[in-house]
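Read through the structure below, which is laid out as structure tokens, and then see the notes.
We use all heavy atoms of the structure for the numbers below, so side chains are in, but hydrogens, waters and symmetry mates are not.
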Amino acid sequence: MIATLLVAMLLSVSGDESPCLGEYTLAADGISCDLIANSGDVDEPTASHRTCNNMYACPPNKDGDIKCVGTPAELWECTSSVADTNKMFSSTDTETETCNIAGSWDCGGANCSITMTSPTEFVARSERKPFLWTEGHGIIYANRTVNIVYTLSNGGTTSRTGTLGIQCCSFSWNDSSVWTQDACPFTTLLDIHIVAHTHDDTGYTSTVAEYYESNVQHILTTVTSELQKNPLRKFTYVEVAFFEMWWNKQTNNTKNIVRELVKNGQLQFANGGWCMPDEGSPSYYDMLMNMERGLRFIIAEFGLNARPRVAWSIDPFGHSSQYATLNALFGFDMFYVGRIDFQEKAGRFATQTMETVWRPSPSASHFQGVMSRDIMTHVLDPIQFYSYPPGFNFEGDKRTWITPENIESRAKDFFNFIQQKSAGYATPSLMVPFGSDFQYTNATTNYYNMDLLMNYINNNTKKYGMKLHWSTPTEYMLKLHSMNRSWPLKVDDFESYAIGEAQFLVGFYSSRPDMKGMVRQESNRLRAAQNLLAFSTLSTGLPSSFVTQQINNIDNQTMALSVVQHHDAITSTQRRHVHKDYISQLSVGQQFVGNSIAATLQEVSGGLQYENCFHLNMSQCNITMTTLTGSQAVYVVVMDSSGVSQKKVVQVPVPGAVTVYDEEDNIVPSQLLPSWPQAPHIQNGEVVVPNPTVSFYANPPAFGYTTYKIVKNE
């Protein structure tokens with residue numbers, strides 16, 4: 001905590017007189033300040049009021065007759081109505097301050113007095129709301145119009161009117177006055193975390209394969225090269241689906257280089273899922289599956305220490321309490337979110353509550369430690385979102401590149417951007433995302449230009465009041481946690497997502513129901529295959545080679561299903577050809593999973609042949625139609641992977657009247673439902689009329705299966 005705040009006062013007057021220059025040491029904190037116009041110090045605010053005292057000023061020279069000598073007398077005393085030491089002004093906040101002008105100057109034998117022509121009460125305002133007073137920075141007060149009256153040595157008087165203002169170590173320039181930044185050295189430097197990243201959608205306007213070929217492979221290759229050139233450079237990657245595709249094509253030498261970059265923290269993973277999922281459409285199980293598949297790869301190739309410590313969910317359309325709860329249970333220490341209701345984001349930015357502790361499951365608030373559902377949450381600001389700072393997309397616009405001729409103006413541009421962004425955050429540490437969708441295909445451009453800007457600003461910290469360094473979301477999280485401060489609490493969710501008045505992005509909850517239904521169906525089939533393989537292995541001791549083969553078969557669908565949890569996939573915001581590609585991948589995975597189920601049942605049953613009926617929705621099942629036309633019976637295996645025993649209605653296409661038996665050869669009540677001649681469909685270019693179906697209740701055990709026999713009636 002800073003004991004006092006260093007203040008520079010401005011005196012802007014007409015004419016070309018030179019300001020009074022001097023140097024004083026402020027006894028309160030021992031900071032030596034080169035003064036231009038005037039200087040002083042301010043007591044730290046207390047819980048009840050703030051007293052501005054010991055504020056000194058030196059009037060300008062007047063035709064050589066008025067000179068500043070000695071120590072200036074006390075100029076004024078102010079008391080404020082601010083009652084909260086953590087108060088930070090917004091555009092609508094006001095503070096009434098009453099100031100009494102007192103004292104006089106020693107002006108080389110002339111007597112100087114001052115009167116105020118503006119009201120004695122004025123509103124304090126903040127040109128920039130960077131931090132709390134206790135962080136060592138202050139507020140800019142509205143300018144005051146004053147009238148200075150000089151009593152000259154010849155007995156006459158002269159007066160002049162000017163504007164008197166107070167700046168408490170603000171970061172803003174005031175080009176119209178004699179004050180400069182050097183007049184008031186910064187007592188606290190902003191800690192700017194530059195986070196290099198790319199946001200790689202696993203399908204949107206292009207398919208996964210198309211994005212990989214055109215962008216992702218070049219991103220990961222050039223980033224790897226650039227990180228080796230400078231140990232201070234860092235990069236954050238998220239979508240493991242793409243990373244594994246790239247990884248499998250690398251040489252052992254490249255893999256060893258990447259492992260070293262991960263080990264020393266230059267390359268870090270955030271989130272760690274197969275993709276960045278939507279948070280409203282996926283099921284609980286599918287969210288777990290997506291995360292498990294990505295983390296499995298990271299841990300296998302880079303070890304437990306490489307496991308991400310933060311959740312990075314910067315682009316989904318709203319953020320659910322379910323996903324936040326999962327992130328807390330995954331052990332993440334921070335959750336980065338991007339798209340929240342525009343009104344809530346504006347309100348949070350104005351009140352510096354963009355960083356909060358989220359309690360997504362209030363009913364579980366009593367859990368502590370590893371079971372805690374609370375998670376620190378960072379909301380991306382409305383100025384840059386997750387993209388580059390405005391005007392600093394070096395990869396996308398050559399006009400933004402840094403040169404010796406423009407580096408000072410570019411530094412000022414960045415400085416102005418930081419002024420705006422920092423207004424919404426409550427600490428002197430600030431995370432600045434530096435990337436965007438499929439960026440860093442030419443990583444050299446980004447790193448080279450940003451290094452130039454970073455070095456220039458860091459070599460001029462007295463002027464810019466900040467220190468820039470390459471960082472990661474994890475390092476920024478550790479910085480915030482080290483502050484050991486309290487944060488506001490959030491207890492609901494960030495849904496539904498609105499971008500403006502009457503502009504809610506909620507249609508994706510129900511759009512393209514065909515794919516949503518297929519995802520849910522294939523997810524259930526995948527879970528059934530996993531459970532069957534696991535329990536069969538435990539109970540019968542299946543050969544390890546067989547188990548390994550089935551795990552690999554099942555993994556094809558795990559990857560396909562994980563990809564479509566993406567926030568531009570299951571939400572159905574993707575282009576039509578991308579949608580078809582998702583369906584195609586799920587169909588291929590369906591075959592792998594079905595074959596795995598059939599093979600496992602065959603293994604545990606001693607050789608019985610099993611087939612899958614993938615077209616029950618069209619009343620088509622080849623094995624029942626061909627087998628039941630003769631005298632043979634058909635055995636139907638009904639599985640339950642939900643973990644809760646429950647009755648289910650099973651419908652099986654049959655050629656005619658049949659009888660259903662359970663495992664004890666008891667007749668199971670059933671009903672034959674005739675086909676609808678009015679509902680034919682096209683299959684392999686031919687018109688097919690649906691078959692009749694037999695319906696009956698099945699009651700398989702939880703995490704198990706039961707078998708029913710169907711026999712054609714004579």
Side-chain angles (χ1 to χ4, degrees), residues 201-208 273-290 315-323 339 493 495-499 503-529 557-594 612-621 640-642 646 648-653 673 675-676 678-683 688 690 693 695:
D201 294 308
T202 52
Y204 177 35
T205 60
S206 300
T207 67
V208 172
W274 197 243
C275 72
M276 186 182 297
D278 178 56
E279 299 181 28
S281 300
S283 69
Y284 182 88
Y285 172 79
D286 290 344
M287 287 181 174
L288 290 174
M289 173 189 62
N290 170 70
D315 201 28
F317 314 117
H319 305 280
S320 68
S321 56
Q322 172 182 277
Y323 192 57
R339 298 186 186 274
D493 58 26
E495 294 180 320
S496 296
Y497 174 50
I499 60 175
Q503 298 180 64
F504 289 87
L505 276 69
V506 294
F508 66 87
Y509 292 136
S510 58
S511 58
R512 280 180 174 157
D514 59 330
M515 190 175 80
K516 286 180 170 64
M518 186 176 187
V519 168
R520 196 59 53 88
Q521 174 182 298
E522 295 311 315
S523 177
N524 292 338
R525 195 191 311 274
L526 173 64
R527 188 159 63 251
Q557 186 68 315
T558 301
M559 291 186 290
L561 278 168
S562 295
V563 161
V564 298
Q565 305 311 315
H566 174 60
H567 56 272
D568 283 316
I570 195 169
T571 58
S572 303
T573 57
Q574 73 277 32
R575 300 295 184 265
R576 182 175 295 277
H577 81 284
V578 180
H579 173 77
K580 291 181 178 179
D581 183 68
Y582 287 141
I583 297 296
S584 175
Q585 298 302 320
L586 290 174
S587 298
V588 171
Q590 180 189 72
Q591 295 294 327
F592 277 107
V593 172
N612 291 280
C613 294
F614 293 126
H615 302 119
L616 292 178
N617 62 315
M618 298 186 296
S619 297
Q620 296 293 312
C621 184
D640 187 340
S641 59
S642 67
Q646 53 189 313
K648 298 180 179 180
V649 175
V650 176
Q651 292 182 305
V652 180
L673 302 177
S675 61
W676 284 17
Q678 300 90 345
H681 61 274
I682 305 298
Q683 184 174 343
V688 178
T693 59
S695 299

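- At least one side-chain heavy atom of Glu495 sits under 4.5 Å from a side-chain heavy atom of Tyr509.
- For Tyr582, there are no ring pair (Phe, Tyr, Trp, His ring centres under 6.0 Å) partners, not counting sequence neighbours.
- Looking only at side-chain heavy atoms (C-beta outward), Pro277 and Tyr323 come within less than 4.5 Å of each other.
- A donor-acceptor contact under 3.5 angstrom links the side chains of Ser523 and Asp286, judged on distance only.
- Put simply, the side chain of Val578 does not reach to within 4.5 Å of the side chain of Tyr204, judged on heavy atoms.
- Separating the CD atom in Gln574 from the CZ atom in Phe508 is a distance of 12.5 Å, to the nearest 0.5 Å.
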Q: Mind running side-chain contact (heavy atoms from CB on, under 4.5 Å) on Ile499 and Phe317 for me, showing each step along the way?
A: CA-CA 10 Å; Ile499 60 175; Phe317 314 117; over 6 Å; no

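- For the side chain to side chain donor-acceptor pair (under 3.5 Å) criterion with His567, the lone passing option out of Asp201, Asp278, Thr573, Thr202 is Asp201.
- Put simply, the side chain of Asn290 gets close to the backbone of Cys275: a donor and an acceptor are under 3.5 Å apart.
- Ring centers of Tyr497 and Phe504: at least 6.0 Å apart, outside the cut-off.
- Checking side-chain atoms of Asp581 against main-chain N and O of His577 turns up no donor-acceptor pair under 3.5 Å.
- At least one side-chain heavy atom of Ser511 sits under 4.5 Å from a side-chain heavy atom of Lys516.
- No donor-acceptor pair under 3.5 Å is formed between the side chain of Arg339 and the backbone N or O of Gly318.
- Met515 contributes atom CE, which lies 6.0 Å from atom NE2 of His579 (distance to the nearest 0.5 angstrom).
- Within the 4.5 Å cutoff, the side chain of Gln521 has heavy atoms near those of the Gln590 side chain.
- Put simply, the side chain of Gln565 gets close to the backbone of Leu561: a donor and an acceptor are under 3.5 Å apart.
- The backbone N or O of Thr693 lies less than 3.5 Å from no partner atom in the side chain of Gln651, so there is not a single donor-acceptor pair.
- No donor-acceptor pair closer than 3.5 Å links the side chain of Ser584 to the backbone N or O of Lys580.
- For the pair Gln557/Leu586, a side-chain contact is recorded, criterion being any heavy-atom separation below 4.5 Å from C-beta on.
- The two residues Ser695 and Leu673 come nearest to each other via the heavy atoms OG-CD1, 3.4 Å.
- Within the 3.5 Å criterion, the main-chain N or O of Ser281 finds no donor-acceptor partner in the side chain of Thr571.
- Expressed to the nearest 0.5 Å, how far CD1 of Ile583 lies from CG of Asp514 amounts to 5.5 Å.
- In this structure, the side chains of Ile570 and Pro282 come closer than 4.5 Å at one or more pairs of heavy atoms.
- Rounding to the nearest 0.5 Å gives a distance of 6.5 Å between CE of Met289 and CG of Leu526.
- Residues forming a salt bridge (charged side-chain N to carboxylate O under 4.0 Å, His left out) with Arg525 (at least two apart in sequence, or on another chain): Glu522.
- A distance-only check finds a donor-acceptor pair linking the side chain of Asn612 to the backbone of Gly594 [under 3.5 Å].
- To the nearest 0.5 Å, the span separating CZ on Phe614 from SG on Cys621 amounts to 10.5 Å.
- Taking all atoms of both residues into account, the shortest heavy-atom contact from Met276 to Pro316 is SD-CD, 3.8 Å.
- For Asp640, the salt bridge (charged side-chain N to carboxylate O under 4.0 Å, His left out) partners are Lys648, not counting sequence neighbours.
- Remark: Arg512 CZ to Ser572 OG distance equals 5.5 Å, nearest 0.5 Å.
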